[in-house]
Peer 1: 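Below you'll find the structure I mean.
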Protein chains: 2
Amino acid sequence: MTRKPAPPAGAVTIIDVAQAAGVAKTTASDALRGHGRVSPATREAVVAAAARLGFSINRSARSLRTATTGAIGLYIPQVLAHTEHYMSFIYGVVNEAAAFDYDVTLIVASGHAKHGYAPHVDGIVLIDPVAEDPMIQRLLDTGLPIVSSERLLGPRQTTGVVWSNHAHYFTLLLEHLAERGARHPALIASTTHSEWSFAVQQAYADWCRAADVAPHQALAPFAAPPPRLQEIARAMVTDAPEIDAFIGAGDGVAAAVAQALASDGVRIGSRMLIASGVDSSATLAAQPPITAINTQGGEGGQLCARLLFDLLQGRAEPGVELELPLEIYYRASTAGNAGHISSRPGRKRGS
Amino acid sequence: MTRKPAPPAGAVTIIDVAQAAGVAKTTASDALRGHGRVSPATREAVVAAAARLGFSINRSARSLRTATTGAIGLYIPQVLAHTEHYMSFIYGVVNEAAAFDYDVTLIVASGHAKHGYAPHVDGIVLIDPVAEDPMIQRLLDTGLPIVSSERLLGPRQTTGVVWSNHAHYFTLLLEHLAERGARHPALIASTTHSEWSFAVQQAYADWCRAADVAPHQALAPFAAPPPRLQEIARAMVTDAPEIDAFIGAGDGVAAAVAQALASDGVRIGSRMLIASGVDSSATLAAQPPITAINTQGGEGGQLCARLLFDLLQGRAEPGVELELPLEIYYRASTAGNAGHISSRPGRKRGS
DNA sequence: CCTAGTTGCCGGAACGATCCGGCAAAACGA
DNA sequence: TCGTTTTGCCGGATCGTTCCGGCAACTAGG
């Protein structure tokens, strides 16, 4: 005992536990993690001793020996961060990881710019990955198992995918608008190169062609400031006065547009229908409340984490894809001329 | 070499580097971390060899030897999570940690319910801690260095504190409202037992007493759904028709209230002034845009992380407190009858 | 030239958990 | 009863890094 880097108060090791239980350290280890052959009586004694001494395992030592880290990484492009969907997603991931006794380490693009960067994790969850993002390329280069929420566009693939059929739900939304009297629905989509963004635009284009109406589409950056979005919407209705409905794809778009048009004297919900591709408190706060797709952030995060652990622990094969079903909340912003919809009616599930 | 848990392809150790550079492992270690006595020529050779071999350190081994983890924890009560302030805060923490080559591990209340819970980190950042939160008590019990954004109320203290003078900025906001013609400003505050919440209510009470006006205050849970907030606001104006201004303390409160009153025909910005204690995209999206305090989430997170590293590395003493200055964005929602304020004027800094 | 101090580098012992292989004792089969 | 297997437990090596102590070689002072 020449030196101790830090003589920590609560430094009870597995050897202490073993001694307290009157067994060897190997037996204590086996008993605690249920690995070797240990009699029930001995196991019980070890567990009791561990509890009594307040033993908590030294993860660094375990990591070193087992060549694992006990953590998974979570990468969130900064541009996406300011929306409720992603906050919920994060909670889904962290809660699920906690159930597996894993930590979650946040990975951001900044710093770590070195070429051979590899985060100190066993696997990674990606949120809505954009193929061009250099950080994502770097993460793929690590060779770690990676699960992404939405597919990664381009030649390279992630180990696992959790995806939703956004085209389907947008089509449902468009049909709903048509049913409520909208003849010329417009779309404000996002410029991001993600599967979600493309699926939305494709669904809109397909629907317009099938319905034989001229598309009115504008693009805005995902995190565009509300005034910019409002400017775009106003320009669109000036340019094409026949527009009688808006779908805002990204978070906050529909709410911002609704506010602008309402303050211009347009009657939202009758003369002009509004729907959002992403639900959030903004769609609920709007007057009237805005019909929206619930993108199930928390469930998505949980599912991604679960899939990653399945991959790490051999319960799933690389290449697996899971579908996450969504919901549409129909609200007064798409009531139409026909009738009235209460503030938050029973949900109608898509698919 | 009996077995390797995982025979990883890129497993280049510091011994490989040392051999490549023709020195002993000790010298290689010293050279890379600049610790011992190494001649410049040798250091250079080692660094070159490390780069050539693509050496990246095994953090588990380092952690084991040095009794550190290379990570800090970040605790965010789930109820707070759905606001932009906290997302920015997270980025601030993670970016700053990356600059110190530290990881950030998210800590959530779920799971880990065991008594002797201790996260695998060197220190912890708390966001707006609530004294009653049992998780916070548990974290305090770990004995790890803890920095909190806003003071922790109650007998126990954190190792370091980053705080803002919210009372000051709310007073400025109230004075601004008065200046613009408001005689009976109402406050919708938050029920959370945080320093921020109390400071806000205290500042309002003090100002009302000094100005000799009757206070009109309501409380709502921090994450109250917008319809509930709107209901509260409508009840307040029905009850006290003299109210001519609202301050919504929490994120989204002011925007929700503004929407409700506007749709009731109240002219926001002249007949009724609106201000928010927290800036977000919702205050910008509102028509008219809403005057708000910028709570500097990103800067707060960065400052907390920096202070934590200062404490960890002995550059700061326990008990230190840092003040984070805020800003007020004056917007059209508080233009008043007198004149007109453009959508986003030059900022006016408080104190 | 001799001693004391400095510089540059190295061997080896930790850190705490895991797990391979071994070895008694107990259980089993005939 | 005597081999053979199974059970229960253990010693010791190992993961990759850090850092203490030591040891030559060199420098400086007198």
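The chains referred to below are lettered A, B, ... by the order of the sequence lines, with proteins before strands, and numbering in each begins at 1.
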Peer 1: Can you see if the side chain of B:T66 gets near the phosphate of D:dT18 - specifically, an N or O under 4.0 Å from OP1 or OP2?
Peer 2: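 No, B:T66 has no side-chain N/O under 4.0 Å of OP1/OP2 on D:dT18.
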Peer 1: What parts of residues 41-52 of chain A reach DNA chain C, counting only heavy atoms under 4.0 Å away?
Peer 2: none
Peer 1: Are more than 12 heavy atoms from other residues, nucleotides or ligands located less than 6.0 Å from atom CD of B:Q137?
Peer 2: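 Buried by this count: over 12 neighbours within 6.0 Å.
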Peer 1: Between D:dC10, D:dC19, C:dC10, spot the one nearest the side chain of B:T27, thanks.
Peer 2: C:dC10
Peer 1: Whole angstroms only, please: what is the CZ-P distance between B:R59 and D:dT17?
Peer 2: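 These atoms are roughly 13 Å apart.
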Peer 1: Measure from CG on A:L32 to P on C:dA17 and round the result to the nearest Å.
Peer 2: 10 Å
Peer 1: Relative to the 5' end of DNA chain D, which residue comes earlier, B:D30 or A:S39, by the nucleotide with the nearest heavy atom?
Peer 2: A:S39
Peer 1: Tell me the stems DNA chain C sits in, counting at least three consecutive Watson-Crick or G-U wobble pairs, each under 3.5 Å on both distances.
Peer 2: C:1-30 with D:1-30
Peer 1: Using 30° and 60° as the class boundaries, would you call the ring planes of A:F309 and A:Y102 parallel, tilted or perpendicular?
Peer 2: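 Answer is perpendicular, since the angle exceeds 60°.
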Peer 1: Taking the minimum atom-to-atom distance to the side chain of B:T13, which one of D:dT17, C:dA17, D:dG8 wins?
Peer 2: D:dT17
Peer 1: To the nearest 0.5 Å, tell me how far A:L312 CG sits from A:T159 OG1.
Peer 2: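 Answer for the CG-OG1 pair, A:L312 versus A:T159, is 9.0 Å.
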Peer 1: Checking contacts here: which listed nucleotide (D:dC9, D:dT17, D:dC15) is nearest the side-chain heavy atoms of A:L64?
Peer 2: D:dC15
Peer 1: For the side chain of B:N58, starting at C-beta, report the closest nucleotide among D:dC9, C:dG11, D:dG16.
Peer 2: D:dG16
Peer 1: Touch check for B:T26, heavy atoms < 4.0 angstrom, all strands: base, sugar-phosphate only, or nothing?
Peer 2: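 The residue B:T26 makes base contact.
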Peer 1: Check whether more than 12 heavy atoms from other residues, nucleotides or ligands sit under 6.0 Å from atom CD of B:E317, and answer yes or no.
Peer 2: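 Open: at most 12 neighbouring heavy atoms sit under 6.0 Å from CD of B:E317.
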Peer 1: Under the 3.5 Å rule, do the base of C:dT18 and the side chain of A:R65 count as making a donor-acceptor pair?
Peer 2: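 Indeed, a donor on one side and an acceptor on the other fall under 3.5 Å apart.
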Peer 1: The side chain of B:A24 lies closest to which of these nucleotides: C:dG11, D:dC10, C:dT18?
Peer 2: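 The answer is C:dG11.
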Peer 1: Under the 3.5 angstrom rule, does the side chain of B:D310 hit a backbone N or O of B:R315 as a donor-acceptor pair?
Peer 2: no
Peer 1: Each nucleotide in nucleotides 23-28 of chain D should get exactly one letter: B, S or -. Can you fill that in based on protein heavy atoms under 4.0 Å?
Peer 2: ------
Peer 1: Which is true for A:I14 with a 4.0 Å heavy-atom rule: it touches a base, it touches only sugar-phosphate, or it touches nothing?
Peer 2: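 Sugar-phosphate only.
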Peer 1: At what distance, to the nearest 0.5 angstrom, does CG of A:L140 lie from OG of A:S148?
Peer 2: 9.0 Å
Peer 1: With rounding to the nearest 0.5 Å, note down the distance linking OG1 in B:T295 to CH2 in B:W196.
Peer 2: 9.0 Å
Peer 1: Once rounded to the nearest 0.5 Å, what's the spacing between atom CD of B:E150 and atom OG of B:S164?
Peer 2: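 If I round to the nearest 0.5 Å, the distance is 5.5 Å.
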Peer 1: Send over the distance from A:H35 NE2 to D:dC9 P, rounded to a whole Å.
Peer 2: 17 Å
Peer 1: Kindly say whether A:H120 contributes a backbone atom to a donor-acceptor pair with the side chain of B:R59 at under 3.5 angstrom?
Peer 2: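 Judged by distance alone, no pair lies under 3.5 Å.
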Peer 1: Take B:I14 and B:I57 through the test side chain to side chain contact (heavy atoms under 4.5 Å, CB included) and record every step on the way to the result.
Peer 2: CA-CA 7 Å; B:I14 204 167; B:I57 200 161; 5.8 Å; no
Peer 1: Using side-chain heavy atoms (C-beta onward) and a distance below 4.5 Å, is B:L139 in contact with B:L144?
Peer 2: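 No, their side chains stay 4.5 Å or more apart.
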Peer 1: Classify the side chain of B:R62 versus the base of D:dT17 as yes if they form a donor-acceptor pair under 3.5 Å and no if they do not.
Peer 2: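 Answer is no: no donor-acceptor pair is held.
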Peer 1: Calculate, to the nearest 0.5 Å, the distance between atoms CD and CG belonging to A:Q302 and A:N95 respectively.
Peer 2: 7.5 Å
